[in-house]
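Down below is the structure, laid out as structure tokens.
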Amino acid sequence: MSDWDTNHSPFAPMIGTNYIPTAAELNRLKSMLVHPVNKLALLDLDIDHAQATLDALLHERQRVMSYVDAHKALLSPVRQIPAETLAEIFVQCLPSDPPYGLRDLTKAPLLLTTICKDWRHIALTTPRLW
């Protein structure tokens with residue numbers, strides 16, 4: 001049977017009902033299902049193989065993406081800004097009300113110390129921030 005449509009099965013009228021097959025029908029069902037069960041097993045093997053291939057490809061893609069992302073970060077234009085310019089930008093980030101004395105990690109100048117090691121150093125060594 002090459003067509004896996006249950007409508008074409010000789011047992012189509014009985015599928016989905018409470019019909020109880022006879023002993024002869026049980027034997028016929030068992031013999032009818034040998035080929036589809038084997039086909040199903042082959043399909044499962046093919047799917048397992050395809051899944052393993054997909055998993056390997058996804059893993060390799062993640063490795064390449066991590067490599068690319070790590071190196072793209074080095075291309076960031078903000079890395080090219082001189083420390084003196086960043087310090088001036090940091091001063092411009094200070095809140096105007098109240099101008100100083102804030103001890104809030106969500107606002108400048110403390111927020112600027114949490115971005116990265118270089119920004120922390122620039123912020124801490126810029127007297128006008130404090």
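Since we're looking at a predicted model, the values are computed, not measured.
- Going from atom CD of Gln62 over to atom CD of Glu60 covers 10.5 Å, rounded to the nearest 0.5 Å.
- The CH2 atom of Trp4 sits 9.0 Å away from atom CG of Leu40, with the distance rounded to the nearest 0.5 Å.
- Distance CD1/Ile122 to OG1/Thr113: 12.5 Å, rounded to 0.5 Å.
- From Leu74, atom CG reaches atom NE2 of His71 across 6.5 Å, with rounding to the nearest 0.5 Å.
- Across every non-hydrogen atom of Pro109 and Trp130, the tightest pair is CG-CZ3, 3.4 Å.
- Other residues, nucleotides and ligands contribute over 12 non-hydrogen atoms within 6.0 Å of the CG atom of Leu58.
- Considering every non-hydrogen atom in both Pro95 and Ala108, the closest pair reads CD-O, 3.4 Å.
- Salt-bridge annotation for Glu25 and Arg28: absent, with no side-chain N of the basic residue lying under 4.0 Å from a carboxylate O of the acidic one.
- Counting heavy atoms from C-beta on, the side chains of Met32 and Pro10 come closer than 4.5 Å.
- The two residues Leu110 and Leu105 make their nearest non-hydrogen contact at CB-CD2, 3.8 Å.
- Phe90 is not connected to Leu111 by any chain of hydrophobic side-chain contacts under 4.5 Å among Ile, Leu, Val, Met, Phe, Trp and Tyr, and they are in different clusters.
- If you chain together ILVMFWY residues whose side-chain heavy atoms come under 4.5 Å of each other, Val64 ends up grouped with Val68.
- Interatomic distance, CG of Asp44 versus CG of Asp46, reported as 9.0 Å (0.5 Å rounding).
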Cut-off 3.5 Å, no hydrogens considered: what does the side-chain donor-acceptor table look like for residues 76-89, sequence neighbours left out?
from, atom 1, to, atom 2, distance (Å)
Arg79, NE, Ala73, O, 2.7
Glu88, OE1, Arg128, NH2, 2.2
Glu88, OE2, Gln92, NE2, 2.9

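- Here His121 contributes atom NE2 and Thr126 contributes atom OG1; the two are 8.5 Å apart, rounded to the nearest 0.5 Å.
- Residue Ile47 is found outside any hydrophobic cluster, as its side-chain heavy atoms come under 4.5 Å of no other Ile, Leu, Val, Met, Phe, Trp or Tyr.
- Among residues two or more places apart in sequence or in another chain, the side chain to side chain contact (heavy atoms under 4.5 Å, CB included) test is passed with Leu33 by Pro36, Val37.
- Qualifying side chain to side chain contact (heavy atoms under 4.5 Å, CB included) partners for Thr17, counting only residues two or more places apart in sequence or in other chains: Met14, Tyr19.
- Under the side chain to side chain contact (heavy atoms under 4.5 Å, CB included) criterion, Ile15 pairs with Thr6, Ser9, sequence neighbours left out.
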